[in-house]
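In what follows, chains are A, B, ... by sequence order, proteins preceding strands, each numbered from 1. Just so you know, these numbers use all the heavy atoms, side chains as well, and skip hydrogens, waters and symmetry mates.
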Protein chains: 2
Amino acid sequence: MSHYRTFTAHDAVAYAQQFGGLADPASLVEAQEVGDGNLNLVFKIFDTQGVSRIIVKQALPYVRCVGESWPLTLDRARLEAQTLVEHYKHCPQHTVKIQHYDAELAVMVMEDLSSHRIWRGELISGVYYPQAASQLGEYLAQTLFHTSDFYLHPHEKKAQVARFINPEMCEITEDLFFNDPYQIHERNNYPAELEPEVAALRDDAQLKTAVAALKHRFFSHAEALLHGDIHSGSIFVADGSLKAIDAEFGYFGPVGFDVGTAIGNLLLNYCGLPGQLGIREAASGRDQRLADIVELWNTFAERFQWLAREKTRDAALAFPGYASEFLKKVWADAIGFAGTELIRRSVGLSHVADIDTIQDKEMKLSCLRHAIELGKALIVLAPRIDSADELVARVRQYG
Amino acid sequence: MSHYRTFTAHDAVAYAQQFGGLADPASLVEAQEVGDGNLNLVFKIFDTQGVSRIIVKQALPYVRCVGESWPLTLDRARLEAQTLVEHYKHCPQHTVKIQHYDAELAVMVMEDLSSHRIWRGELISGVYYPQAASQLGEYLAQTLFHTSDFYLHPHEKKAQVARFINPEMCEITEDLFFNDPYQIHERNNYPAELEPEVAALRDDAQLKTAVAALKHRFFSHAEALLHGDIHSGSIFVADGSLKAIDAEFGYFGPVGFDVGTAIGNLLLNYCGLPGQLGIREAASGRDQRLADIVELWNTFAERFQWLAREKTRDAALAFPGYASEFLKKVWADAIGFAGTELIRRSVGLSHVADIDTIQDKEMKLSCLRHAIELGKALIVLAPRIDSADELVARVRQYG
């Protein structure tokens, strides 16, 4: 990492000219840093017409919001770029394209998606993208199937598992999802009014046993190369288009974690909508979110089974019926992981705008309580929720 | 591997003098190659008194029984030595001690166990070691707990998973356990009279779905550093002593695989005893084997839970009650893997002396049929066999 330096806007333009793969690199003239995260610099590179043409993203060696006191491996840029490159191989239509990547600078050059919007913002505003849920299901099925034991040669799979070992980023998930909300921790972040609900999380034996099981599966079930953080804020949408970005949490883990993170974020939106929209709009948005979840799961499961039927290379796993058996495990995992996402986004360090931006204090508390209660129910009931329709029924029950 | 050469007896003596860690290395004068496997040279090194003092084991770059036509990675010597060194750290009383190891020569120098006998032979002859079953349970609990997510720091665990990636040896298991017996394959090896039973394996959808699930768990559940081949032929016993050897299949896999391999081999002995001993001795030996299995599991489970209570470092997995929840998964896995061991040792390439040495042809066929039927039942019924006592009842039912 000896050549690492933090990019200026000028560096970013020069780098994009060199590595952007554009036919007219000299037309790139200006950069604007647009990163709203805490971990990376993100430059949009504009041409002489003021059109954003390409993105330069650089990992910072520390978490920005806490100054330089929380160092974080630059190797996550490699992991992000390599995860996206792998996913792009299998699902180019829904994965941002990486043009170039440099390990020492922890920098990557990638496709500009200015024509797209972050899905979370659109979901909050009530802007509906009718294909987004099924496209996300397609992305998950293609990327997770093609990096699983169904498809990869066992030698290749094992080499990939080693290549994608991601201790520091996994540790963030291990702590924020599975530890902090269930103990007293300075990183936790919730209004004092919620203390009774949060204290109850720490005292719920059934819940904590189920969370331990989920964490253990996150630790040990190397089923496929996950995105690792596939929430609505790491997804760009446009009419008829969906692109996953931000894969620095990529590693080989349980398929249900990615599916559950995606579902969990749709449920967080469901919980937050009454604070974001008028009564009628919120109700219809909520129905839409539940329909989205059903659509996401059905598309994922159908495509995964189709891929299993057509492309499984492993002789034993190819047995007809096994893939659907495996998907039962994925579904139960997904419901449980979705529950942990609901809770950690309500109680833990990192929140979601779907609820955090609600102005009315009582409404916000009510939405947070809803997310916590629903999260608890999903974690504990996961093994007994047999289908997407059953999930919808449960969600309405905890509404 | 440029310095690799196959050792002569003379090389082995010189090597043992240099690396055996003995106080009187000059007393080592003679070597005898005693390997009965197909994969390695094993030299006993004798002193001037004719006493065997130390062992030199060297991996061969091919499988001996088929000449040099089946090459096999020499890296397995590293994996074996490192697995045994890790296991020795956590359970020195039941793991052979590695004195020295050299990657280029694929050679290791280890403790002489001439005072011990291979457990399989003793089980076949009806020689009973009253502590062996509980000692094996202790070995499994100590080695598997201390290399699991309960105990290892997540960064250390991930580094160890990468270090113990073992593609070639795992592939042997993947093929021999989970593929070959369930398809027509030239490696399969069974008497023509068993064709109906073997054909039935290929046509049993429920069985093949369950075998696919077991293979998938073998592929992807990196729960602990397994021995990987802990059958009664890789265990030395003496009065009050038990030592595991031969860990070249070591990798991070499902805890239930090691437990199931151990149980499966006791069940193979159970199936073979009527062909090895007189009626009364065989009946009493069989009762003893079932008692051994209960003892093995109870010791393992109690010790694992005790270790989980006393030494778990992970905050979430430390929650009281989670370890026993995890052991339910281990138990179900173990029963299933035991079933695959019964079948692959009856139908596949590699057999066990417990049945293979039976002279009477009809008796041998009957024992093989028994092993196949019992194996099938265990694989399919695994999720419904809730306890060791229930397992014993099922085994008697399929007797």
query: Which atom pair, heavy atoms only, marks the closest approach of Ala212(A) to Ala316(B)?
result: CB-O, 3.4 Å
query: Heavy atoms, side chains only, cut-off 4.5 Å: are His216(A) and Tyr322(B) in contact?
result: yes
statement: By residue number, those in residues 146-159 of chain A with heavy atoms under 4.5 Å from heavy atoms of chain B are Asp149(A), Phe150(A), His153(A), Pro154(A), His155(A), Lys157(A), Lys158(A)
field: Atom pair CG/CG of Asn179(A) and Leu317(B) - distance to nearest 0.5 Å
entry: 9.5 Å
- prompt: For Glu223(B), is it the side chain, the backbone, both, or neither that has a heavy atom closer than 4.5 Å to a heavy atom of chain A?
  reply: both
query: Quick one: CD on Gln160(A) to CD1 on Ile165(B), what's the gap to the nearest 0.5 Å?
result: 10.5 Å
- prompt: Is it the backbone or the side chain of Phe326(B) that comes under 4.5 Å from a heavy atom of chain A, or both, or neither?
  reply: side chain
task: Give a yes or no on this: more than 12 heavy atoms of other residues, nucleotides or ligands lie within 6.0 Å of atom CD of Glu186(A).
output: no
- line: Counting heavy-atom pairs under 4.5 angstrom with chain A, the leader among Phe319(B), Tyr182(B), Phe178(B), Phe252(B) is Phe319(B)
message: Using 30° and 60° as the class boundaries, would you call the ring planes of His221(A) and His221(B) parallel, tilted or perpendicular?
response: parallel
- request: Find the one option among Val211(A), Asp314(A), Asp175(A), Val161(A) whose heavy-atom pairs under 4.5 Å with chain B are most numerous.
  value: Asp314(A)
- prompt: Any idea which of Gln183(B), Glu168(B), Glu174(B), Arg163(B) has the most non-hydrogen atom pairs under 4.5 angstrom with chain A?
  reply: Glu174(B)
query: Looking at Ala213(A), Ala210(A), Ser220(A), which has the largest count of heavy-atom pairs under 4.5 Å with chain B?
result: Ser220(A)
